[in-house]
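What follows is a short report on a single structure.
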Amino acid sequence: MKRTTHVRDPFAEIKRVPLFTPAGKQSSRYAIILDPDGAHEEAGIVSEDYNLVENRRVVEAAERVLHEAELEADEGRTLFDGKRFSQRWVLQQATFEAAVGDVVALTLDAWNSYDGSARFGLAFNLQRLICSNGMVVDQMLGGFRFKHNANHGDEFDVEVEEAVKRLTTLAGSVHRLAPQFQQMSKKRLNVQGIQQTFRDLELSRPLIADIFQAIEGTSMWQVYNACTDVLTKTNTFASEGINRRVTSYFLDKCSGGRHG
């Protein structure tokens, strides 16, 4: 059995296969196998009570939440590394201006994994519309984790209703985030301030070099957007984690006013 995953189709056929001990006795662990065209690639090892949810059902659930919330959304970026999956939708009408003419929209991100690293659920984030920079702010906006899937009938319906309520409320109040981001456009970072920012964030040298090249001004907002621009284009789960950390840092330093 192959242990490295090369299948990049997030909706490829997926199977849960029992594992056996050397003595031939069935184990309590199962292998999750991606098997398009007989590739038979291992995506993860999980316990017998692991709730396997196919990525296509994750997308269907998110689309149902958007539909029942009566919110129009454009499909955004997709992430799939053979184990973890995320699909984004951008709510073009749930927006605010972070700077003059610079509009930020609420996003709905559906999450799933085949290796148990992330549970089936939704996360709420932001995206800059002018250049599609993603801002990972789910630590601030929250999300929703499903305990059940579409096969659980009434229980799943109740969870969908709760997710719809959260998304509807957030879409109606996202403009309240504007002041937190608008403060970034009012603060300036000199060269020393930018260098200190990179040291504080402990970013790698290649990443720092790319961000320097992307900086288009001296406001904190412009430096922050250079970071999110590079990380968004990288389009990996690792870059999503760095994006989350960078966003928390800039929002914290902006409100604290330590840079200048």
Side-chain angles (χ1 to χ4, degrees), residues 8-12 53-81 84-113 118 120-146 150 159-178 180-182 214 221 224-237 239-244 246-247:
R8 289 297 178 263
D9 177 5
F11 309 114
V53 183
E54 297 175 346
N55 290 334
R56 65 178 179 82
R57 290 191 176 275
V58 172
V59 170
E60 290 168 0
E63 290 177 340
R64 178 180 169 185
V65 169
L66 288 166
H67 175 74
E68 295 190 14
E70 298 183 343
L71 294 169
E72 293 185 8
D74 295 329
E75 192 171 301
R77 64 104 178 96
T78 300
L79 275 174
F80 182 62
D81 63 4
R84 292 169 294 175
F85 168 77
S86 179
Q87 175 66 57
R88 168 167 291 180
W89 288 265
V90 183
L91 283 68
Q92 298 282 353
Q93 296 178 325
T95 63
F96 62 86
E97 275 195 336
V100 177
D102 202 341
V103 179
V104 172
L106 177 68
T107 73
L108 176 71
D109 295 353
W111 280 80
N112 192 38
S113 76
F120 166 34
L122 307 173
F124 306 125
N125 285 301
L126 299 172
Q127 180 167 304
R128 190 180 180 213
L129 295 186
I130 194 171
C131 55
S132 300
N133 286 18
M135 305 172 190
V136 183
V137 294
D138 51 9
Q139 70 275 33
M140 180 171 67
L141 299 183
F144 186 88
R145 297 295 178 91
F146 291 95
E159 291 179 333
V160 168
E161 289 179 12
E162 179 62 28
V164 168
K165 290 177 183 177
R166 293 194 190 185
L167 179 59
T168 302
T169 299
L170 192 55
S173 62
V174 70
H175 62 279
R176 295 179 182 177
L177 297 174
Q180 298 179 62
F181 287 89
Q182 289 168 350
W221 174 247
Y224 169 62
N225 278 310
C227 294
T228 58
D229 176 60
V230 171
L231 293 168
T232 298
K233 288 175 180 175
T234 303
N235 200 37
T236 65
F237 286 102
S239 63
E240 289 279 285
I242 298 172
N243 193 321
R244 181 179 292 105
V246 166
T247 298

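The basis for the numbers below is simple: all heavy atoms, side chains too, and nothing from hydrogens, waters or symmetry mates. Residue numbers start at 1 and run along the sequence shown.
- Taking 4.5 Å as the limit, some side-chain heavy atom of Asn235 sits within range of a side-chain heavy atom of Leu79.
- Annotation: salt bridge (Lys or Arg N to Asp or Glu O under 4.0 Å) contacts involving residues 93-104, sequence neighbours excluded, comprise Asp102-Arg128.
- Residues satisfying the ring-ring contact (aromatic ring centres under 6.0 Å, His included) test with Phe146, not counting sequence neighbours, are Phe120, Phe144, Phe156.
- The side chain to side chain contact (heavy atoms under 4.5 Å, CB included) search around Ser132 returns Gln127, not counting sequence neighbours.
- In plain terms, the two heavy atoms of Thr95 and Ala105 that are nearest each other are CG2-CB, 3.7 Å.
- Residues forming a side chain to side chain contact (heavy atoms under 4.5 Å, CB included) with Ala62 (at least two apart in sequence, or on another chain): Trp89, Leu108, Ala110, Leu122.
- Between Arg84 and Glu240, no side-chain nitrogen of the basic residue sits less than 4.0 Å from a carboxylate oxygen of the acidic one, so the salt-bridge criterion is not met.
- The salt bridge (Lys or Arg N to Asp or Glu O under 4.0 Å) check on Arg145 picks up nothing, with sequence neighbours excluded.
- Applying the side chain to side chain donor-acceptor pair (under 3.5 Å) rule to Thr236 yields the partners Ser239; only residues at least two apart in sequence or on another chain are considered.
- Between Leu126 and the choices Thr247, Val90, Leu177, the side-chain contact (heavy atoms from CB on, under 4.5 Å) rule is met once, by Leu177.
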May I have the list of side-chain donor-acceptor pairs in residues 68-76 shorter than 3.5 Å, sequence neighbours left out?
residue	atom	partner	partner atom	Å
Glu68	OE2	Arg64	NE	2.9
Asp74	OD2	Gln92	NE2	2.9

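- A search for side chain to side chain contact (heavy atoms under 4.5 Å, CB included) contacts involving Ala98 returns Phe96, Val104, Phe181, Trp221, not counting sequence neighbours.
- Residues Val174 and Leu91 are not in side-chain contact: their nearest non-hydrogen atoms beyond the backbone lie 4.5 Å or more apart.
- Within the 3.5 Å criterion, the main-chain N or O of Val53 finds a donor-acceptor partner in the side chain of Asn112.
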Can you give the donor-acceptor pairs under 3.5 Å from side chains of residues 133-143 to other protein atoms, not counting sequence neighbours?
residue	atom	partner	partner atom	Å
Asn133	ND2	Asn225	O	2.9
Asn133	ND2	Thr228	OG1	3.0
Asp138	OD1	Arg244	NE	2.9
Asp138	OD2	Arg244	NH2	3.0
Gln139	NE2	Arg244	O	3.2
Gln139	NE2	Ser248	OG	2.6

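- Remark: Lys165 does not engage Glu161 in a salt bridge, criterion side-chain N to carboxylate O under 4.0 Å.
- In this structure the side chain of Phe80 never reaches within 4.5 angstrom of the side chain of Asp9, judged on heavy atoms.
- Within the structure, salt bridge (Lys or Arg N to Asp or Glu O under 4.0 Å) pairs that include any residue of residues 224-237 comprise Asp229-Lys233 (at least two apart or interchain).
- Legend: residues meeting ring-ring contact (aromatic ring centres under 6.0 Å, His included) with Trp111, ordered by chain and number and at least two apart, are Phe237.
- In this structure, Glu159 has no salt bridge (Lys or Arg N to Asp or Glu O under 4.0 Å) partners at least two apart in sequence or on a different chain.
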